[in-house]
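Remember, predicted model here, so these are calculated numbers, not experimental data. Counting starts at 1 for both ligands and their atoms, in listed order.
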Amino acid sequence: MPRQAYVNGRYCPHNEAAVHIEDRGYQFSDGVYEVVPVAKGVMVDEDPHLDRLERSLRELRIDMPMSRAALKLVSRELMRRNALTNGIVYMQVTRGVAPRDHKFPKAATPALVLTTRQMKPPSAQKLAEGVRVITVPDIRWKRCDIKSISLLPNILAKQKAVEVDCYEAWMVDAEDRVTEGTSTNAWIVTEDNELVTRDVSNLILSGITRMRLLKLAEQAGVTFTERSFTLEEARKAREAFITSSTNFVMPVTRIDEVPVGNGHAGLVTCKLRESYEGFVGESKVSA
Ligand code: PDD
């Protein structure tokens, strides 16, 4: 069976799936999304992802397109049709279709699209080598806590990184403090061995992987602090890494030409990656 997508009530071949030209997501980025990791055919932390989806929608005053239970059924059916084992489910909800006009339409039905993508885990070599990041000014709006599909600053920064052979860009605020990556949360282990990731606020996305890893760190007796850290601290850090639904825990081994620690994946980072992989491996289907 060819790969399928789900678009507004219908399953259809992925390469034929389409939305209306006056979908407000297409015209105004008036919508939100979620990326839920899938491991061994099970959605990881599905409920926290759906909690965040509902929150993002609430903040934009868009209704849930269907009940949470129905959304879970659709996700599972799409995963089944696509024989998805490891990868992601992508969900996007927009305010719907209406003649182009900035104000909210009086009556629009939220539009829902789901796709899946199979993904391979990184090789052991890649994990040992880690990835390189550049830093760029954070030019985003003040509601980065909403998982909006409006991602221009993020894609421009990511492209800048890729053009200099880097994997990710860390965005830096006006006080020279790292906010987060273009699609990842940023972490360091400081010179004094303190595990640090920025505290949740309107200036970053509250990552589900971040939240899970903090719980796992606590269980493993790894102490941490949720606070902002400066670019200088990051450059002097012993270890650094990024987290996201698509990267899990990925070591960062160079920041702006400066090697992090000894230039290889750090011990704390590897331990946390292992914990997260263990958690993912044990994930069960939720109701
Ligand atoms: N991005 N910060 C930003 C700006 C993000 O876009 C993401 C996720 C994260 C990490 O969140 P989580 O751990 O819930 O995946 C942090 C997804 C993967 C994406 O845009 O593809």
N/O to N/O below 3.5 Å, does that happen between [X] and ligand 1?
X	answer
Arg210	no
Glu180	yes
Ile208	yes
Thr246	no
Ser245	yes
Arg52	yes

Requested in this report: Only one of Tyr276, Phe241, Phe229 passes ring-ring contact (aromatic ring centres under 6.0 Å, His included) with Trp187; say which it is.
Outcome: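 The passing option is Phe241.
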Measuring from non-hydrogen atoms of [X] to any atom of ligand 1, is the shortest distance under 4.0 Å?
X	answer
Lys147	yes
Arg212	no
Tyr90	no
Thr182	yes

Requested in this report: Answer yes or no for Arg81 and Tyr11: cation-pi contact, defined as NZ/CZ to six-membered ring centre under 6.0 Å and angle to ring axis within 45°.
Outcome: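 Positive - Arg81 is close enough to the ring of Tyr11 and near enough to its axis.
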Report task. Distance to 0.1 Å, residue and atom name: give those for the protein heavy atom nearest to atom 19 (C) of ligand 1. Result ->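 Looking at atom 19 (C) of ligand 1, the protein heavy atom closest to it is Tyr33 OH, 3.6 Å.
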Requested in this report: Please write down residue, atom name and distance for the protein heavy atom closest to atom 13 (O) of ligand 1.
Outcome: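 Here the nearest protein heavy atom works out to Thr209 OG1, 2.5 Å.
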Query raised in the report: Does a side chain donor of either Thr253 or Glu129 reach within less than 3.5 Å of an acceptor in the other side chain?
Result: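 Glu129 and Thr253 do not have a side-chain donor-acceptor pair below 3.5 Å.
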Requested in this report: Any atoms of ligand 1 less than 4.0 Å from a non-hydrogen atom of Asn185? List them with their elements.
Outcome: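 This gives 10 (C), 16 (C) as the contact atoms.
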